[in-house]
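Read the structure below first, then the notes.
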Amino acid sequence: MNAPGTTAQQAHHSDWLDHAIRVGLVAYGVVHLLVGWLALQLAFGEKEDSASNSGALHYLAQQPMGGFLVWAIAVGMLFLVVWRLLEFGFGFRDESDDKKRWRKRATSLFKAVIYGAIGWSAVQVATGSGGGGGTDSTTAKIMDLPGGQLIVGAIGLAIIGYGISLVVRGWTEKFREHLDAQGQSGQDGSAYVLMGKVGYIAKGVAIAIVGGLFCYAAITHDAKKSGGLDQALQTVLEQPFGPVLLTAIALGIGAYGIFCFARAKHLSR
C-alpha cells in the first residue's frame, strides 16, 4: 500500500489532474469574463450587479441554467484548489534555490486561498445562503483587534504587492511559461500572448487599487474606506476620465478570461 504522501505526489503528476486543471481554468475564465462585462456596464452607467467575483456569480445564476453553471464553477474552483495545494506540498522540486522554491510554494498556497474563496462564493450563491456583511465589516472586526490598523495596512500592502507582481508578469510576458510551445506559435499564439499581457496588467491594476483602499482604511481608521473589487472599480470611475479608464480595465479583465481559456487549451505546468 502506498503511503499518503506518495499517493498525493503521484496525483500531482497524473493525467487526470491535467484534465481537472483545464476544467478549473475554463471556470476561472468565465468568472473573469463576467466581471469584465459587469465592469463595462458600470463604465457606461448601466450597472445592475456588483462588478466583483460574487456579483458575477449572482449574475450568472440569473441566466438560463444558471444554477447548474454556478455549481460547475464551484467544482472547477475545487479542482484548482486541489492543484495548488498539491503544488504547495510537492511542487517545484526541480528548483535548486530553496528560497525560490518556497516562495513559489507560498504563491501556490495563496492562489489556493483565492480559488477557494471564489468556490465558496459560488456554493453560497448556488444554495442561496448569501454572504456576510461585506469587506468593510470584516475590516472593522480586524480593526478592533490589538494592532488592527497595522494588520489592515499590512494586508493592503500585500494586496498591492500582488497586484504589482501581476503587472510585471504581464509586462515582461513571464506568463508565457504557462503555455506550451504550440500555444505560443502562429497567429493564434500571438493573440494568446496579447490577451495575457493586457489581462495580467489590467487585473494587476485593479487588485493594486483594492490594496490601496485597505491602506487608506488603515490610515484613516475607517473600515468603510476599504473594499473589494467592486469598490475599487467605483473609485476608478470617480476619477477624471473615469469611464474611459474603467472601460480599459474591464476589457483587460475580459482579456484575462480569454487567456485562461488559452491556458486551459495549451496547459503547461
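Quantities reported herein were computed from a predicted structural model and do not represent experimental measurements.
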Where [X] and [Y] come nearest, the two heavy atoms and their spacing:
| X | Y | result |
| --- | --- | --- |
| V125 | A61 | CG1-CB, 3.8 Å |
| F214 | V152 | O-CG1, 3.4 Å |
| S108 | E87 | OG-OE1, 2.7 Å |
| V35 | A56 | CG2-CB, 3.8 Å |
| A112 | R84 | CB-CB, 3.7 Å |
| G116 | V81 | N-CG2, 3.4 Å |

[X]: side chain to side chain contact (heavy atoms under 4.5 Å, CB included) partners, not counting sequence neighbours:
| X | result |
| --- | --- |
| S54 | S52, H58 |
| A202 | none |
| A264 | R22, L25, V26 |

(message) Classify the ring geometry of H32 against Y28: parallel below 30°, tilted from 30° to 60°, perpendicular beyond 60°.
(response) perpendicular

So how far is it from [X] [atom1] to [Y] [atom2], rounded to the nearest 0.5 Å?
| X | Y | atom1 | atom2 | result |
| --- | --- | --- | --- | --- |
| Q63 | L34 | CD | CG | 8.0 Å |
| L194 | F259 | CG | CZ | 11.5 Å |
| I73 | N53 | CD1 | CG | 10.0 Å |
| K104 | K100 | NZ | NZ | 7.0 Å |
| I114 | I207 | CD1 | CD1 | 6.5 Å |
| W83 | F88 | CH2 | CZ | 16.0 Å |

Is [Y] reachable from [X] through a run of I, L, V, M, F, W or Y residues, each pair having side-chain heavy atoms under 4.5 Å apart?
| X | Y | result |
| --- | --- | --- |
| V236 | Y216 | no |
| L213 | L233 | no |
| V210 | I219 | no |
| V113 | W102 | no |
| V193 | I258 | yes |

(request) Classify the side-chain pair Y59/W37 by whether it contains a donor and acceptor separated by less than 3.5 Å. (result) yes

(message) Do S121 and L57 have side chains that approach each other closer than 4.5 Å (heavy atoms only, starting at C-beta)?
(response) yes

(message) With a 4.5 Å cut-off on side-chain heavy atoms, are M195 and F261 touching?
(response) no

Remaining members of the apolar cluster that contains [X], side-chain heavy atoms under 4.5 Å:
| X | answer |
| --- | --- |
| L150 | none |
| F79 | V23, V75 |
| W71 | W120, V123 |

Side chains of residues 241-254: which donor-acceptor pairs under 3.5 Å do they make with residues two or more places apart or in other chains?
from, atom 1, to, atom 2, distance (Å)
T247, OG1, P243, O, 2.7

With [X] via side chain to side chain donor-acceptor pair (under 3.5 Å) - residues at least two apart:
| X | result |
| --- | --- |
| R105 | none |
| T235 | none |
| Y200 | none |

(request) Quick one: which residue pairs count as a salt bridge (charged side-chain N to carboxylate O under 4.0 Å, His left out) with a foot in residues 193-214, not counting sequence neighbours? (result) E173-K197

Going by atom type alone, with no hydrogens or angles, which donor-acceptor pairs under 3.5 Å involve a side-chain atom of residues 155-168 and a protein atom two or more places apart or on another chain?
from, atom 1, to, atom 2, distance (Å)
S165, OG, Y162, O, 2.5

